[in-house]
Number of protein chains: 2
Amino acid sequence: MKQGNKTKLRIINEANKLFYQQGFNATSFSNIVDATGLSKGNITYHFKNKQEILSGIVESRLADIDELLTAWNKEFPSPINRLVRFCEMLLDEQDNLKQYGCPMGTLTGELSKNQPALYQLTLPMFKRFQTWLLEQFTLLNFSSEQANENALELLSRVQGITVITHVFKDEKFLNKEISKLKNEIKNRYD
Amino acid sequence: MKQGNKTKLRIINEANKLFYQQGFNATSFSNIVDATGLSKGNITYHFKNKQEILSGIVESRLADIDELLTAWNKEFPSPINRLVRFCEMLLDEQDNLKQYGCPMGTLTGELSKNQPALYQLTLPMFKRFQTWLLEQFTLLNFSSEQANENALELLSRVQGITVITHVFKDEKFLNKEISKLKNEIKNRYD
DNA sequence: GTCTATACGCAGATAGAC
DNA sequence: GTCTATCTGCGTATAGAC
């Protein structure tokens, strides 16, 4: 039972890495076999198919996101500083972003094309950030409509920077744009 | 010979649609067979493999992009109006963007993950827009460095809006953000 | 809970008839 | 230039031994 959960986690972590680094559709069951060192049968025992694995990954990622946002809320009393911290997240991940793009954006984008069920599965990850951003702008006394617009706009800015960083493999651009974006946040909302 | 070219075009067009709507890796040879109504053997006669088809698609798209940009250059003498027209392109394509994302961004992003050769193949599409934007900002008397920064930033903004439109299936967001972006261009650069 | 074995279909590639 | 036929391997799914 305990051992089973450990195996499950191992599968989720390795599959998560592969889905991120290769894409969901480009990752086969046997890629996961190789990465985990487990047998195909064992993986099937824990997850019937790729969709189930994805479901496990999303669950695990949602927990991570919640933990992260809770930590930020504690660490930064000021909503402005929270928004700034949000932007700085991209700097922490710059090597990965350059190579593989946004872990949420590329996954949801891939599945959104023509795998509606899987797309729906991944959407909550985006919603978590959206909701959290909305909360910060609400704390900054924006109307709910305006807070929502600001939240989506900031998400959009960050996604755009990520796409260009990924496509052009350009972390100089990333650093410059994030620094500009942070200033803009301070000037516009503070 | 003439018939052969017509067939080639048909394959390119159908495969282009499929790669866009399903993704490159999720599209199989037989998907293309079904979409074109041609036999597998015939397609193989014209293109050895998927990579060759992709190569043909990129060539065709580059021609389209060049034609589009040349037309804009003729239609709009003012660089500002050209930049505005560039933004409005997203409105023309809003249904597709909502369903499938950016035809360049999603393709290059998918291939950039771990298919470097194919990624390199698609990069020139992005570069065409980047270069053209750079030219417009140069005409607006920005230094080459500043023009380059502005060009990439605008590309980034547009990509971000596209990603959010795609992920949240939200064309209201698209319309609002494009209208804001157009105003920003006029205020900042004019 | 973990493994090996097997079955079946589809993807990609090639040969050759018309 | 277009087609049918065939081949090989990989992907997915399932059964059953340890």
Side-chain angles (χ1 to χ4, degrees), chain A residues 1-57 59-60 107 110-111 113-118 121, chain B residues 1-60 107 110-111 113-119 121:
Chain A
M1 189 64 150
K2 179 126 179 293
Q3 185 62 19
N5 275 336
K6 223 177 127 194
T7 304
K8 255 185 136 157
L9 269 186
R10 182 145 136 242
I11 297 168
I12 285 176
N13 287 333
E14 292 301 325
N16 187 32
K17 225 183 288 173
L18 287 167
F19 289 172
Y20 178 39
Q21 294 176 351
Q22 309 190 329
F24 179 81
N25 288 302
T27 300
S28 71
F29 231 84
S30 34
N31 289 151
I32 302 169
V33 169
D34 294 345
T36 55
L38 299 169
S39 69
K40 191 175 278 196
N42 195 2
I43 293 173
T44 304
Y45 170 79
H46 290 287
F47 302 96
K48 271 188 281 301
N49 48 41
K50 258 167 85 177
Q51 159 150 12
E52 297 267 310
I53 298 179
L54 182 66
S55 181
I57 288 174
E59 211 181 322
S60 149
L107 181 62
E110 179 182 1
L111 300 174
K113 276 179 179 278
N114 68 337
Q115 287 155 109
L118 302 185
L121 207 57
Chain B
M1 192 62 150
K2 180 127 178 291
Q3 186 61 18
N5 275 335
K6 224 177 125 192
T7 303
K8 256 185 136 156
L9 268 185
R10 182 145 135 242
I11 297 169
I12 285 176
N13 287 333
E14 292 302 324
N16 187 31
K17 224 183 287 173
L18 287 168
F19 289 172
Y20 178 38
Q21 294 177 351
Q22 309 191 328
F24 179 80
N25 288 303
T27 300
S28 70
F29 231 85
S30 33
N31 289 152
I32 302 170
V33 168
D34 294 344
T36 54
L38 299 168
S39 70
K40 190 175 276 195
N42 194 3
I43 293 173
T44 302
Y45 171 78
H46 290 287
F47 302 96
K48 273 187 281 301
N49 50 40
K50 260 168 82 178
Q51 158 150 12
E52 297 265 312
I53 298 178
L54 182 66
S55 182
I57 288 174
V58 170
E59 212 182 319
S60 148
L107 180 62
E110 181 182 1
L111 301 175
K113 276 178 179 279
N114 69 336
Q115 287 154 108
L118 303 185
Y119 156 71
L121 207 57

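Side-chain atoms are counted along with the backbone in the values below, which use heavy atoms only and exclude waters and symmetry mates. Numbers restart at 1 for each chain; the letters A, B, ... are given by sequence-line order, proteins then strands.
Side-chain contact between A:His46 and A:Leu38: absent, with no pair of heavy atoms (C-beta onward) separated by less than 4.5 Å. B:Thr36 places none of its side-chain heavy atoms less than 4.5 Å from the side chain of B:Asn42. In this structure the side chain of B:Ile43 reaches within 4.5 angstrom of the side chain of B:Ile53, judged on heavy atoms. Side-chain contact check for B:Val58 versus B:Ser55: every heavy-atom pair is 4.5 Å or farther apart. Considering only heavy atoms from C-beta on, B:Gln115 comes within 4.5 Å of B:Asn25 through its side chain. Counting heavy atoms from C-beta outward, A:Tyr20 and A:Leu107 have side chains that stay 4.5 Å or more apart.
Side-chain proximity of B:Lys50 to C:dT14, D:dT4, C:dG12: nearest is C:dG12.
Sorted by residue number, the list of members of residues 13-21 of chain A with any non-hydrogen atom under 4.0 Å from DNA chain D is empty. Sorted by residue number, the list of members of residues 28-36 of chain A with any non-hydrogen atom under 4.0 Å from DNA chain C is empty.
Whole-Å rounding puts the A:Ile43 CD1 to D:dA13 C1' distance at 14 Å. Distance, B:Lys6 NZ to D:dT2 C1': 15 Å, rounded to whole Å. In this structure, NE2 of B:His46 is placed 17 Å from P of C:dA13, rounded to the nearest angstrom. One can place CZ of B:Phe47 at 17 Å from P of C:dT14, the figure rounded to the nearest angstrom. One atom, CG of B:Asn42, and another, P of C:dA13, lie 17 Å apart when rounded to the nearest Å. Rounded to a whole Å, the OH atom of B:Tyr45 is 16 Å from the P atom of C:dA15. Summarising the geometry, the separation between CG on B:Leu54 and P on C:dG12 is reported as 14 Å, rounded to the nearest angstrom. Atom-to-atom, CD1 of A:Ile53 to P of D:dA13 comes out at 10 Å; the value is rounded to the nearest Å.
Of all heavy-atom pairs between A:Thr44 and A:Phe29, the closest is OG1-CE2, 3.8 Å.
More than 12 heavy atoms of other residues, nucleotides or ligands shown are found within 6.0 angstrom of NZ on A:Lys50. More than 12 heavy atoms of other residues, nucleotides or ligands lie within 6.0 Å of CD in A:Glu52, so this atom counts as buried by the packing criterion.
Remark: A:Phe24 CZ to A:Leu118 CG distance equals 5.0 Å, nearest 0.5 Å. Atoms CG and CG, from B:Leu54 and B:Asn49 in turn, are 10.0 Å apart once rounded to the nearest 0.5 Å.
Listed by first residue number, the stems of DNA chain D with at least three Watson-Crick or G-U pairs below 3.5 Å are C:1-11 with D:8-18, C:13-18 with D:1-6.
Judged as a salt bridge (Lys or Arg N to Asp or Glu O under 4.0 Å), not a single pair has a partner in residues 32-45 of chain A (not counting sequence neighbours).
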Shorter than 3.5 Å, N or O on both sides, protein versus nucleotides 5-9 of chain C: list them out with atom names.
none

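Contact check, A:Thr44 against D:dT14: no side-chain N or O comes under 4.0 Å of OP1 or OP2.
Side-chain contact, A:Thr27 with A:Gln22: a donor N or O sits under 3.5 Å from an acceptor N or O.
Residues meeting the salt bridge (Lys or Arg N to Asp or Glu O under 4.0 Å) test with B:Lys48, sequence neighbours left out: none.
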